[in-house]
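A short worksheet on the structure shown next.
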Amino acid sequence: MSDNCLFCKIARGEIPSRKVYEDEEVFAFHDINPVAPVHFMLVPKLHLVSLIDAEEAHAALLGKMLLLVPKLAKEQGLDNGFRMVINSGKGGGQEVFHLHIHVIGGGNIPPMVKRS
Ligand code: 5GP
Ligand code: ZN
């Protein structure tokens, strides 16, 4: 846990959020600024800065998170599929430096990257 991390504070319940799921290792909550009708994030309670900082020791936790995503997506009504995004590092557009998986769906999901 990191004292000054927004998502650590959300996972600890110190900053309110619309909770989707919680267990002893992970926390999921709706994005405050959704890009689609359903947009939530899944984070480890462990403060991990990004996927770039993940190590072998985190393999089980990351695997658990990946397997949890389709279950939570379905619970949120995404019967027809979803998009999963992990922005990693400044070069990947990450803005909050606590590893999080975006789960996005419902409505029209545009192509992943706009080609010019
Ligand atoms: P990133 O760009 O780091 O992948 O995504 C950060 C996400 O966190 C953004 O989609 C943003 O809308 C969301 N976010 C930022 N601050 C808050 C907050 O205080 N509460 C919630 N629920 N989401 C937040
Ligand atoms: Zn954190």
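Order of appearance sets the numbers: ligands from 1, and atoms from 1 within every ligand. Small disclaimer: the values here were computed from a predicted structure and weren't measured. Count residues from 1 along the sequence.
Taking a cut-off of under 4.0 Å to the non-hydrogen atoms of N87, the atoms of ligand 1 that pass are 1 (P), 2 (O), 4 (O). The ligand atoms of ligand 1 that sit less than 4.0 angstrom from a heavy atom of H102 are 1 (P), 4 (O), 5 (O), 7 (C), 10 (O). Shown in contact with N33 at under 4.0 Å from a heavy atom are these atoms of ligand 1, numbered in order with element: 12 (O). In the vicinity of L6, heavy-atom distances shorter than 4.0 Å reach the ligand 1 atoms 16 (N), 17 (C), 19 (O). Of all atoms in ligand 1, listed by their number and element, those nearer than 4.0 Å to a heavy atom of G93 are 2 (O).
The single protein non-hydrogen atom nearest to atom 22 (N) of ligand 1 is H30 O, 2.9 Å, given as residue, atom name and distance. In this structure, atom 9 (C) of ligand 1 lies nearest to the protein heavy atom D31 OD2, 3.4 Å. Among all protein heavy atoms, the one lying closest to atom 3 (O) of ligand 1 is E95 N, 2.7 Å. For atom 1 (P) of ligand 1, the closest non-hydrogen atom of the protein is H100 NE2, 3.1 Å.
H47 contributes ND1 as its N, O or S atom closest to the Zn ion (ligand 2). Nearest to the Zn ion (ligand 2), among the N, O or S atoms that H98 has, is ND1.
For ligand 1, the polar-atom distance check finds no N/O of H39 at less than 3.5 Å from any of the ligand's N/O atoms. An N or O contact shorter than 3.5 Å is missing between M41 and ligand 1 by distance. Geometrically, ligand 1 and Q94 share no nitrogen or oxygen pair separated by less than 3.5 Å.
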F7 vs F27, ring-ring contact (aromatic ring centres under 6.0 Å, His included): CA-CA, chis, key distance, verdict
CA-CA 9 Å; F7 286 178; F27 192 87; 9.8 Å; no
Checking H102 against H100 for the ring-ring contact (aromatic ring centres under 6.0 Å, His included) test, could you report, in this order, the C-alpha distance in whole Å, the side-chain angles of both residues, the deciding distance, and whether it holds?
CA-CA 6 Å; H102 292 267; H100 49 282; 4.9 Å; yes
Can you list the steps and then say if V26 with L42 is a side chain to side chain contact (heavy atoms under 4.5 Å, CB included)?
CA-CA 7 Å; V26 303; L42 176 62; 3.9 Å; yes
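Contacts between F29 and ligand 1 below 4.0 angstrom, taking non-hydrogen atoms only, involve the side chain exclusively. With a heavy-atom cut-off of 4.0 Å, V85 does not touch ligand 1 at all. Contacts with ligand 1 closer than 4.0 Å are made by heavy atoms of both the backbone and the side chain of I32.
The closest donor-acceptor contact from the side chain of H58 to the backbone of A54 lies at 3.5 Å or more, if one exists at all. Between the side chain of H47 and the backbone N or O of K45 there is no donor-acceptor pair closer than 3.5 Å.
Across all non-hydrogen atoms, the minimal contact from I10 to S17 is CG2-OG, 3.5 Å. Nearest heavy atom pair, residue L99 against residue Q94, reads N-NE2, 4.4 Å.
The Zn ion (ligand 2) lies at the vertex of an angle of 120° between the SG atom of C8 and the SG atom of C5 (rounded to 10°).
Residue contacts with ligand 1 do not include S17, since none of its heavy atoms lies under 4.0 Å from the ligand. Put simply, no part of I15 is less than 4.0 Å from ligand 1, judged by heavy atoms. Within the 4.0 Å heavy-atom cutoff, R18 does not count among the residues contacting ligand 1. Using a 4.0 Å heavy-atom cutoff, F7 is listed among the residues neighbouring ligand 1.
A salt bridge links D23 with K64; the closest basic N to acidic carboxylate O contact falls under 4.0 Å.
The distance from atom CD1 of I86 to atom CD1 of I101, rounded to the nearest 0.5 Å, is 4.5 Å. With rounding to the nearest 0.5 angstrom, the NE2 atom of H30 is 8.0 Å from the CZ atom of F40. Separation of atoms CG (D79) and NZ (K74) is listed at 6.0 Å; rounding is to 0.5 Å. Taken from CD1 in I104 to NE2 in H39, the straight-line distance is 4.0 Å, to the nearest 0.5 Å.
Just one of L6, V49, D53, L48 meets the side-chain contact (heavy atoms from CB on, under 4.5 Å) condition when paired with F97; it is V49.
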